[in-house]
Amino acid sequence: MLQIDLISIFPDYLTPLKLSLLGKAQDKGIVSIDIHDLREQTNDVHHSVDDTPYGGGAGMVMTAAPWGDAIDAITNDQELVDLIILTPAGKKFDQQMAADFSKKYHLVFACGRYEGIDARVGEFYSSKSNFKVHEVSIGDYVLGGGEVAAMVIIEATTRLIPGVLGNPDSLTEESHSISGNNDSLLVEYPNYTKPSNWRGLEVPEVLLSGNHGEIAKWRKAQAERRTQQLNKE
Ligand code: JB8
């Protein structure tokens, strides 16, 4: 069973993880997802989690202490932990990373806000023998915090775990079109369903032919044409 913990100052923002496919996967005991409020690790009256940056500059930085206490509270020294720190400065998330994460035991997501988390949190856990620290970004744009990025990573990762998806054939089909490198991802062929004529637009005749060899050939050609179109310029 894959254990996933998320730490955030906006735990309610992560509640979609309890719904739908992932909610069912949790009911089935395939994954376990727990959401933690960082402010539970503070003792001061204002439940502070941030302070001004050393060296000056705009904005606030999240202090290390509540992060360390939160991570220590949900992990132990006898297990392997992959700590994922969301940051625009991280390694770009891709399908290969999702496949790698889907084989882990315990994923802990640190969802920062403001200007991010004191760099010593990643440094500290990197030096522990049972931890791997991953600084990850979901793309070249800047979000307000790590919560949405963590949900993207969890959705892409958990759907690769046997039993999470309704139809495992779609995974097998996908795996043929994905290389480790997003640049060479072969995009899908176009899909059609009933009716065969919609607002005067017909479904390509070959798909109605029942000729599975010709259909496979046509789909491959379509996927290659679309991939070339997507990657041009
Ligand atoms: C503060 O764009 B992002 C991202 C942005 C963030 C934080 C984490 C991730 C924390 N801003 O991936």
Side-chain angles (χ1 to χ4, degrees), residues 1-19 22-23 25-26 30-53 59-91 93 97-98 100-102 104-139 142-158 161:
M1 155 122 95
L2 172 63
Q3 189 185 345
I4 299 175
D5 289 280
L6 302 100
I7 309 163
S8 164
I9 59 167
F10 295 126
D12 292 346
Y13 209 54
L14 295 164
T15 53
L17 293 169
K18 298 284 168 193
L19 305 175
L22 265 179
Q26 289 170 82
I30 300 168
V31 297
S32 167
I33 303 182
D34 289 295
I35 301 165
H36 309 271
D37 187 345
L38 182 72
R39 291 195 199 275
E40 286 182 12
Q41 304 300 330
T42 60
N43 297 302
D44 63 305
V45 281
H46 294 110
H47 300 283
S48 311
V49 292
D50 63 340
D51 209 330
T52 53
M60 299 292 270
V61 174
M62 298 191 96
T63 56
W67 285 103
D69 292 345
I71 295 163
D72 290 350
I74 58 185
T75 61
N76 68 69
D77 292 344
Q78 280 78 242
E79 63 167 350
L80 295 173
V81 179
D82 286 81
L83 173 63
I84 299 162
I85 301 175
L86 290 320
T87 162
K91 180 176 174 196
F93 181 68
M97 210 184 285
D100 293 342
F101 287 159
S102 75
K104 302 291 191 179
Y105 307 97
H106 192 179
L107 303 177
V108 176
F109 290 86
C111 306
R113 284 265 149 185
Y114 314 115
E115 303 307 313
I117 304 169
D118 188 309
R120 290 170 295 182
V121 174
E123 191 188 337
F124 178 84
Y125 289 99
S126 294
S127 75
K128 295 195 74 171
S129 60
N130 62 318
F131 270 74
K132 254 195 209 152
V133 176
H134 311 262
E135 291 197 336
V136 180
S137 159
I138 60 164
V142 181
L143 302 171
E147 287 81 5
V148 168
M151 286 196 282
V152 167
I153 293 169
I154 290 166
E155 182 160 322
T157 298
T158 54
I161 299 169

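Within the 4.5 Å cutoff, the side chain of Val31 has no heavy atoms near those of the Ile154 side chain. At least one side-chain heavy atom of Leu86 sits less than 4.5 Å from a side-chain heavy atom of Ile153. When side chains are defined from C-beta on, Val81 does not count as touching Lys128, because their heavy atoms never get closer than 4.5 Å. Counting heavy atoms from C-beta outward, Thr52 and Met60 have side chains that approach closer than 4.5 Å. Phe101 is not listed as a side-chain neighbour of Leu2, based on a closest heavy-atom distance of 4.5 Å or more. Under the 4.5 Å side-chain criterion, counting only non-hydrogen atoms from C-beta, Ile7 is in contact with Trp67. Residues Ile4 and Leu17 form no side-chain contact, since every pair of their non-hydrogen atoms from C-beta on lies 4.5 Å or further apart. Side-chain atoms of His106 and Asp5, non-hydrogen and from C-beta on, do get closer than 4.5 Å to each other.
A 6.0 Å sphere centred on NZ of Lys18 holds more than 12 heavy atoms belonging to other residues, nucleotides or ligands. More than 12 heavy atoms of other shown residues, nucleotides or ligands fall within 6.0 angstrom of atom CD in Gln3.
No donor-acceptor pair under 3.5 Å is formed between the side chain of Thr63 and the backbone N or O of Ala65. Distance alone, capped at 3.5 Å, places no donor-acceptor pair between the Thr42 side chain and the Asp44 backbone. With hydrogens and angles disregarded, no donor-acceptor distance shorter than 3.5 Å links the side chain of Lys104 to the backbone of Leu80. For Ser48 (side chain) and Asp50 (main-chain N/O), no donor-acceptor pair under 3.5 Å exists by modelled atom type.
Of all non-hydrogen atoms in Ala110 and Ile117, the two that sit nearest each other are CB-CD1, 4.0 Å. Scanning all heavy atoms of the two residues, the minimum distance from Gly112 to Glu147 falls at O-OE1, 4.1 Å. A pairwise comparison of heavy atoms in Ala156 and Ala98 identifies O-CB, 3.9 Å as the closest pair. Considering every non-hydrogen atom in both Ala70 and Leu38, the closest pair reads CB-CD1, 4.3 Å. The two residues Cys111 and Leu6 make their nearest non-hydrogen contact at SG-CD2, 4.4 Å.
Atom NZ of Lys91 is separated from atom OG of Ser137 by 12.0 Å, given to the nearest 0.5 angstrom. The CG atom of Asp118 sits 11.5 Å away from the CE atom of Met62 when rounded to the nearest 0.5 Å. Here the straight-line distance linking atom NE2 of His134 with atom OG1 of Thr87 works out to 15.0 Å at 0.5 Å rounding. Within the model, atoms CD1 of Ile85 and CZ of Phe109 stand 12.0 Å from one another, a figure rounded to the nearest 0.5 Å. Note that OG of Ser127 and CZ of Arg120 are 13.5 Å apart. Values are rounded to the nearest 0.5 Å. Atom-to-atom distance recorded for Met151:CE and Ile138:CD1 is 10.0 Å, nearest 0.5 angstrom.
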Going through the distances and angles, do Ile71 and Val121 end up as a side-chain contact (heavy atoms from CB on, under 4.5 Å)?
CA-CA 10 Å; Ile71 295 163; Val121 174; 4.0 Å; yes
The test is side-chain contact (heavy atoms from CB on, under 4.5 Å); show your working for Ile74 and Asp34 and say whether it passes.
CA-CA 10 Å; Ile74 58 185; Asp34 289 295; over 6 Å; no
Evaluation steps, side-chain contact (heavy atoms from CB on, under 4.5 Å), between Glu79 and Tyr105:
CA-CA 8 Å; Glu79 63 167 350; Tyr105 307 97; over 6 Å; no
Please assess Asp72 against Tyr125 for the test side-chain hydrogen bond (donor to acceptor under 3.5 Å, both in side chains), listing each intermediate value before the final yes or no.
CA-CA 10 Å; Asp72 290 350; Tyr125 289 99; 2.6 Å; yes
Steps toward side-chain contact (heavy atoms from CB on, under 4.5 Å) verdict (Leu83, Phe124)
CA-CA 11 Å; Leu83 173 63; Phe124 178 84; over 6 Å; no
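A salt bridge is defined here as a Lys NZ or Arg NE, NH1 or NH2 lying under 4.0 Å from an Asp or Glu carboxylate O, and Arg39 with Asp37 fails to meet this definition.
Of the options Ile9, Val61, Asp51, a side chain to side chain contact (heavy atoms under 4.5 Å, CB included) to Tyr114 is made by Ile9 and by none of the others.
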